[in-house]
Amino acid sequence: MEPRAVGVSKQDIREQIWDYMESQNLADFPRPVHHRIPNFKSKKTLLVPTPRLRTGLFNKITPPPGATKDILRKCATSQGVRNYSVPIGLDSRVLVDLVVVGSVAVSEKGWRIGKGEGYADLEYAMMVSMGAASEETPVATIVHDCQVVDIPEELVEEHDITVDYILTPTRVIATGCERPKPMGITWFKISREMMEKIPILRSLRAREQQAGKDVTLQGEHQHLPEPGRQQTVPLSADRRPPDTPGPEANSMEAARGSPPGEGALLTADVFVGNLPQDARVSDLKRALRELGFVPQRLTWQGPRLRAFLHYPDSATAQQAVSCLQGLRLGTDTLRVALARQQRDK
């Protein structure tokens with residue numbers, strides 16, 4: 001439940017802004033503006049993040065040579081992200097110079113209220129976790145003048161991002177906000193449902209878990225890792241994810257033929273099955289880059305609708321199996337499991 005100051009809540013402020021913008025016809029498409037970050041025209045060009053983080057955190061939009069104004073407009077839409085962009089992986093070492101967030105309401109002190117789903121806060125936290133942003137990275141929001149209101153500080157939570165600059169059609173406000181911004185992902189605020197929807201979260205969680213950080217999710221109960229101690233989650237045979245091959249299936253795979261150049265399937269190898277008929281090796285490599293689990297080598301057996309990923313050690317392979325559950329190519333969900341060690345037959 002969201003915090004409530006005396007007589008007011010975040011939702012109260014959202015409803016006040018949404019009602020006013022609708023009644024004054026200030027909002028642009030899509031309408032009605034309720035339950036959205038309001039759009040309005042102020043002769044500014046905005047770039048938007050990947051919608052709902054489904055395919056990663058960043059996408060670099062690259063318009064084709066000689067792009068027309070119509071194509072450039074499409075580049076700023078979800079269709080443009082799909083057609084004219086390439087994903088930027090966790091290991092890209094990209095540095096963000098300015099973070100621009102949408103808002104439903106914002107105060108001159110820098111407190112911000114979004115539409116209530118938490119994506120902007122999560123995007124910022126993920127940028128910090130992967131080293132793309134820091135406390136020194138300025139955060140700005142672009143709003144209509146009517147969206148600048150008083151917000152009680154009691155409504156601001158630890159994971160809420162604050163803003164340094166507010167841009168409206170008539171003025172620029174430097175908030176001078178000194179409240180610390182989130183230093184990374186607040187894992188106990190993340191639900192299992194959100195982990196399923198956002199594959200890149202699984203990769204970030206695996207990295208932080210391996211570094212010994214507490215990555216307990218919302219509703220989970222587990223012992224905190226000892227300081228400085230790395231922690232991995234082994235994938236035991238009796239706790240395999242559903243619809244993944246077990247030891248018997250791997251024995252059959254070994255009998256049919258090990259990956260080229262391999263005499264046995266090792267514990268550092270990961271089996272990927274149920275590949276689509278038209279899948280290409282580049283499709284799988286791209287998906288692995290987006291999730292931050294690029295193997296040392298990849299054995300492609302497309303005609304058999306499978307592949308093998310070769311990692312440097314079993315711990316990395318186990319983390320990969322955990323984070324690649326639910327991986328999709330097109331409309332097909334892939335089968336991912338540890339390729340258990342088999343003697344060369």
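For Pro180, the side-chain contact (heavy atoms from CB on, under 4.5 Å) criterion is met by no residue, not counting sequence neighbours. By the side-chain hydrogen bond (donor to acceptor under 3.5 Å, both in side chains) test, Lys285 pairs with no residue at all, sequence neighbours left out. Residues satisfying the side-chain contact (heavy atoms from CB on, under 4.5 Å) criterion with Arg179, sequence neighbours excluded, are Trp111, Glu153, Val156, Thr162, Cys177. Remark: Ser107 pairs with no residue by the side-chain hydrogen bond (donor to acceptor under 3.5 Å, both in side chains) rule, at least two apart or across chains. Residues that satisfy the side-chain contact (heavy atoms from CB on, under 4.5 Å) test with Ala174, not counting sequence neighbours, are Tyr165. For His34, the side-chain hydrogen bond (donor to acceptor under 3.5 Å, both in side chains) partners at least two apart in sequence or on another chain are Asp19. For Arg192, the salt bridge (charged side-chain N to carboxylate O under 4.0 Å, His left out) partners two or more places apart in sequence, or in a different chain, are Glu220. Residues meeting the side-chain hydrogen bond (donor to acceptor under 3.5 Å, both in side chains) test with Glu108, sequence neighbours left out: Arg171. Qualifying side-chain contact (heavy atoms from CB on, under 4.5 Å) partners for Glu158, counting only residues two or more places apart in sequence or in other chains: none. Take His159 and apply the ring-ring contact (aromatic ring centres under 6.0 Å, His included) test, not counting sequence neighbours, and it matches no residue.
At a cut-off of 3.5 Å, with distance as the only test, no side-chain donor of Thr68 or Asp70 sits close to an acceptor on the other residue.
Note on ring orientation: taking the six-membered ring where Trp is involved, the planes of His35 and Trp18 are tilted (angle from 30° to 60°).
Among residue pairs with one or both ends in residues 94-105, none qualify as salt bridge (charged side-chain N to carboxylate O under 4.0 Å, His left out); sequence neighbours excluded. Within the structure, salt bridge (charged side-chain N to carboxylate O under 4.0 Å, His left out) pairs that include any residue of residues 23-33 comprise Glu22-Arg31 (at least two apart or interchain).
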